[in-house]
S.K.: 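One structure follows; several queries about it will come next.
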Amino acid sequence: MSIQVRHIHKAFGSFTALGDVSLDVPSGELVALLGPSGCGKTTLLRIIAGLETADRGSVLLDGEDSSDTHVRERQVGFVFQHYALFRHMTVFENVAFGLRVKPRRQRPSDAQIARKVGELLDLVQLGWLADRYPAQLSGGQRQRIALARALAVEPRVLLLDEPFGALDAKVRKELRRWLRRLHDELHITSVFVTHDQEEALEVADRVVLMDHGRIEQVGTPTEVYERPATPFVFSFLGAVNRFAGHVDGAHLRVGEQALPLGAGTLAQGAEAQGFARPHELAVATQAVAGGVPATVGRVLSFGVASRVELQGVDGQPYEVELTRDRAEALALQAGQAVWLVPQRLSVFERPGSAPAPALAQAA
Ligand SMILES: Nc1ncnc2c1ncn2[C@@H]1O[C@H](COP(=O)(O)OP(=O)(O)OP(=O)(O)O)[C@@H](O)[C@H]1O
């Protein structure tokens with residue numbers, strides 16, 4: 001089932017939690033809503049679910065406006081971070097619950113329920129736990145059972161709110177791979193909320209980056225990581241080095257240095273920030289054109305990679321990732337003066353910072 005979110009606006013009192021949010025989720029896709037705490041991810045998920053109503057805008061499920069459709073009729077399955085299973089029920093009964101509470105005419109027979117629950121427990125690979133109670137399960141097992149319970153009623157959409165948020169890093173990693181495999185088997189349109197960028201990039205077909213109640217970018221993991229549309233996306237998705245300056249002809253002028261700009265449409269004289277990931281900076285031990293001076297701090301080597309922490313002349317921190325061989329060839333020492341040369345620089349103009357055209361010409 002496809003989901004279309006159209007111009008959703010939601011305020012809590014005077015606080016705008018979502019401002020004009022629109023999003024298309026094609027049928028069968030697994031989409032991650034990613035953003036910092038408080039950016040509106042859960043609110044958007046709850047509006048899609050029908051657990052919350054929007055002030056304006058609409059949600060279309062398979063092209064039909066769902067505003068007047070009750071949560072129960074939307075055929076949506078949920079898994080929440082702390083969606084406690086029923087403590088007094090066995091795993092089997094927890095998974096069977098959604099089937100047992102169906103209206104009498106739609107309710108499967110006991111034999112059908114037993115078969116269905118058995119299949120679902122096999123699917124989440126926990127058939128051997130059917131007779132246990134939730135307190136006798138690990139956190140990861142509980143979330144897999146919660147997922148089996150959500151799937152029992154054959155939802156057309158699956159909504160997951162930080163489903164692995166409460167688990168430790170290792171279990172989280174295992175479960176997200178497992179979720180991806182499960183999705184590839186079932187192809188249920190799924191939206192999951194996370195504030196963990198690695199989780200979103202690893203699991204989702206497409207990532208929706210949100211900040212302050214707005215969508216900043218929607219794209220495949222490669223698109224959002226390789227071609228961030230805004231400074232926020234750049235900073236949110238992993239380590240980044242920042243070079244603040246202004247546009248000067250075909251260069252970004254950063255202090256005394258002029259860093260070459262790629263093709264673009266930046267306004268002459270505008271204040272701008274250049275971004276480069278740690279692996280996109282080369283280190284030179286002699287002064288070079290287009291290099292920004294910095295002082296080596298710590299050099300950390302893990303396996304085949306080395307990470308170098310540095311400081312710019314104005315105290316700006318930088319981080320560079322090199323192959324270990326390259327780091328050893330450079331023989332970097334703490335306190336050494338070096339020059340950082342961006343191999344790729346993504347430059348964003350500060351909105352409204354471009355001088356008036358006449359001024360720019362005079363400069
Ligand atoms: N019922 C409510 N009443 C008042 N404010 C609310 C309510 N629900 C959410 N908010 C506010 O709306 C904003 C968005 O909340 P939301 O839960 O959607 O964020 P989130 O991105 O899911 O954050 P987190 O990752 O911390 O869960 C927050 O500032 C939150 O305090």
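Just so you know, ligand 1 is whichever comes first in the structure, and atom 1 is the first atom listed for that ligand. Here the structure is a predicted model, which is why all the values come from computation and not from measurement. What you see below is based on every heavy atom in this structure, not just the backbone, and it leaves out hydrogens, waters and symmetry mates.
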S.K.: List the closest protein heavy-atom neighbour of atom 26 (O) of ligand 1: residue, atom name, distance to the nearest 0.1 Å.
M.R.: S37 OG, 2.6 Å
S.K.: Can you tell me the protein heavy atom closest to atom 25 (O) of ligand 1 and the distance?
M.R.: K41 NZ, 2.8 Å
S.K.: Walk me through whether D55 and L18 qualify under side chain to side chain contact (heavy atoms under 4.5 Å, CB included).
M.R.: CA-CA 10 Å; D55 301 330; L18 295 173; over 6 Å; no
S.K.: Which residue and non-hydrogen atom of the protein lie closest to atom 14 (C) of ligand 1, and at what distance in Å?
M.R.: G38 O, 3.4 Å
S.K.: Look at E223 together with R206 and state whether they make a salt bridge at an N to O cut-off of under 4.0 Å.
M.R.: no
S.K.: Contact between G40 and ligand 1, counting heavy atoms under 4.0 Å?
M.R.: yes
S.K.: List ligand 1 atoms under 4.0 Å from A17, heavy atoms only on the residue side.
M.R.: 12 (O)
S.K.: Within a distance of under 4.0 Å, is there any protein heavy atom near atom 4 (C) of ligand 1?
M.R.: yes
S.K.: Among all protein heavy atoms, pick out the one at the shortest distance from atom 22 (O) of ligand 1; state its residue, atom name and that distance to 0.1 Å.
M.R.: T42 OG1, 2.7 Å
S.K.: Is the terminal nitrogen or CZ of R149 (NZ for Lys, CZ for Arg) located under 6.0 angstrom from the six-membered ring centre of F86 and within 45° of that ring's axis?
M.R.: yes
S.K.: Based purely on interatomic distance, does H195 place a nitrogen or oxygen under 3.5 Å from a nitrogen or oxygen of ligand 1?
M.R.: no
S.K.: When you compare the side chains of D131 and T90, does any donor N or O come within less than 3.5 Å of an acceptor on the partner?
M.R.: no
S.K.: Apart from L281 itself, which Ile, Leu, Val, Met, Phe, Trp or Tyr residues share its cluster (side-chain heavy atoms under 4.5 Å, direct or through members)?
M.R.: F243, V247, L252, V254, L259, L261, L266, V283, V292, V296, V299, V308, L310, Y318, V320, L322, L330, L332, V338, L340, L345, V347
S.K.: Numbering the atoms of ligand 1 from 1, which are under 4.0 Å from a heavy atom of T43?
M.R.: 14 (C), 15 (O), 16 (P), 18 (O)
S.K.: For P36, is the nearest heavy atom under 4.0 Å from an atom of ligand 1?
M.R.: yes
S.K.: Looking at atom 13 (C) of ligand 1, what's its closest protein heavy atom, distance included?
M.R.: F15 CE2, 3.4 Å
S.K.: Got T53 and I47 here, is their nearest side-chain heavy-atom distance under 4.5 Å?
M.R.: no
S.K.: So F234 and F348, would you call those rings parallel, tilted or perpendicular, with 30° and 60° as cut-offs?
M.R.: perpendicular
S.K.: Would atom 10 (N) of ligand 1 count as contacted, meaning some protein heavy atom under 4.0 Å?
M.R.: yes
S.K.: So, S66 side chain and V59 main chain: donor-acceptor pair closer than 3.5 Å or not?
M.R.: yes
S.K.: Is it the case that more than 12 heavy atoms not belonging to Q286 sit under 6.0 Å from its CD atom?
M.R.: no
S.K.: For the 3.5 Å polar cut-off, considering only N or O atoms, please tell me whether L44 and ligand 1 meet it.
M.R.: no
S.K.: Could you identify the single nearest non-hydrogen protein atom to atom 6 (C) of ligand 1 and state the distance to 0.1 Å?
M.R.: F12 CD1, 3.3 Å
